[in-house]
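Below is one structure, written out as structure tokens, with a few remarks after it.
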Amino acid sequence: MAHSAVIAAGGYGSTGAIMPLALAAGLAVGAIAVGIAWRERRWLIAVLLMIALVAGEAWGLLTTAGRVMAQREEAQTPLRAAGDLRTKAVERVAVAEALLAAAPRSARLTAAEQRKIAADEAVVAKAAETGCAANCRMLLAQQVELAAAEVAAARAEIDGAKAKAEAELQAARVALAAVPVPASSTPLADRLGLAGWQVDLASAGLASVAANGLAALLLAFSAHWPRRHPSSVIDAISETSSAQLPMPQPPARLPDMEANRFAVDTLRPDAEGSTRLHDLRDAYHRWCAARGLEPLPDREIAAALNALFARIGLTGAGSGSEAAIVGVTIRPALPALAA
């Protein structure tokens, strides 16, 4: 998935290639850390790690769905120009349609029609008079003809304007058809019903939590590894002893097996206590005497006990005669060392 995202974003040489690769590595390491933290019952760090991982997946979802609009700023200029061009073409068509639908009457036509009506009325009125001779009637007829000619000229002017408007409307429609509908510069935001900046802000926030948050949580997880509680020491020794000591007194005395048995019988967990190595040696000798055994050489039993303590998480403190094992103490009432 990370490889596909890198290729789609421009290849491994692009500036954004490192982000999906880093998050893929963080997902793998974070998943392991969540499993370990959950097993150790470190609920808070486990939940926080899961939140960081989910943030990374959400960021990946946004980048896959919209590629975070990587070339948005570069693409917006021609897209906006195309949008403005189309808007102007639509406005041109609307204006042409309005002019054509209105078909206004000109003032010239109105005045001509009024003069024509007045001339017609004058002809009727004067013709009825007994004193109106042939010349009078001729003058009235000429006035009527002139008025009719003016009306015809005014109507021809209107017809010419209407034809011009129809031609403009046709040209506007042709220009509009030649301008394609521009593509959206924020397709993901448009589909979600959000503003482009809201998607960008969410993507940036998720990327920050997924990258910086996950890195910080992984560092916190590794830096605060829980110390093994001393109460589990004897259980661990008992499990090891029961698995390795099927017989209470094997014919062959192995240092590791004897160290396990001695620790189970002699030591107890104590978070605040410690046992000096000198006292531990005396306790081992008393333990052997009580069982009729010859103590193993100090070098052998010391190496076996050291390996056991390291395996179950106990640490040492001090040096020389004050050297001690922290986290355990010797059980009381051990048998006295034989004289």
Side-chain angles (χ1 to χ4, degrees), residues 28-43 45-46 218-339:
V29 178
I32 297 173
V34 167
I36 295 174
W38 198 267
R39 184 187 63 189
E40 298 289 340
R41 298 185 178 183
R42 300 165 65 188
W43 311 123
I45 192 70
L218 288 175
L219 289 174
F221 172 78
S222 61
H224 295 82
W225 189 266
R227 292 182 60 185
R228 194 164 189 177
H229 196 275
S231 61
S232 63
V233 171
I234 296 302
D235 294 337
I237 296 175
S238 301
E239 293 174 1
T240 305
S241 177
S242 61
Q244 295 185 357
L245 293 176
M247 298 176 61
Q249 185 65 35
R253 293 176 61 189
L254 301 178
D256 290 342
M257 297 172 64
E258 190 157 316
N260 290 344
R261 178 59 65 186
F262 163 70
V264 171
D265 294 343
T266 307
L267 304 179
R268 66 176 181 181
D270 186 348
E272 304 297 330
S274 63
T275 300
R276 295 189 306 170
L277 298 183
H278 179 74
D279 296 335
L280 190 64
R281 179 180 181 278
D282 290 345
Y284 170 67
H285 280 258
R286 290 196 299 271
W287 180 81
C288 290
R291 286 158 179 74
L293 299 174
E294 185 69 23
L296 294 174
D298 289 347
R299 178 175 298 178
E300 293 183 8
I301 193 63
L305 287 173
N306 183 61
L308 173 64
F309 293 152
R311 188 164 60 250
I312 61 179
L314 296 179
T315 59
S319 60
S321 61
E322 298 301 322
I325 300 298
V326 179
V328 293
T329 55
I330 298 174
R331 296 179 185 274
L334 282 176
L337 190 62

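Computed from a predicted model, the values in this text were never measured in an experiment.
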- By side chain to side chain contact (heavy atoms under 4.5 Å, CB included) - contacts of E322 (at least two apart): R276

- Query: Would you say R291's side chain and W287's backbone share a donor-acceptor pair under 3.5 angstrom?
  - Reply: yes

- Taking all non-hydrogen atoms of both residues into account, name the closest pair between P295 and C288 and its distance. CA-SG, 3.8 Å

- Can you list the residues that meet the side-chain hydrogen bond (donor to acceptor under 3.5 Å, both in side chains) rule with N306, with sequence neighbours excluded? none

- Could I get the full list of side-chain hydrogen bond (donor to acceptor under 3.5 Å, both in side chains) partners for S274, not counting sequence neighbours? none

- Item | Separation between CD of E300 and CG of D256, rounded to the nearest 0.5 Å | 10.5 Å

- One should read off an interatomic distance between D282 CG and L277 CG, to the nearest 0.5 angstrom, of 11.5 Å

- Heavy-atom distance under 4.5 Å between the side chains of I45 and R42, does that happen here? yes

- Query: How long is the span from the CZ atom in R281 to the CG atom in D298, to the nearest 0.5 Å?
  - Reply: 4.0 Å

- Please name the pair of heavy atoms, one in L314 and one in V328, separated by the smallest distance, quoted to 0.1 Å. CD1-CG1, 3.6 Å

- Residues that T329 engages under side chain to side chain contact (heavy atoms under 4.5 Å, CB included), provided they are two or more places apart: R268, D270, T275

- Message: Applying side chain to side chain contact (heavy atoms under 4.5 Å, CB included), can you list everything that pairs with A302, at least two apart in sequence or on another chain?
- Response: none

- Query: Is there a donor-acceptor contact under 3.5 Å from the side chain of Y284 to the main chain of L296?
  - Reply: yes

- Item | Closest non-hydrogen atom pair between V326 and G316, with its separation | CG2-C, 4.5 Å

- Query: Are F262 and L305 close enough that some pair of their side-chain heavy atoms sits under 4.5 Å apart?
  - Reply: yes

- R253 side-chain N/O to E294 backbone N/O, donor-acceptor pair under 3.5 Å: yes

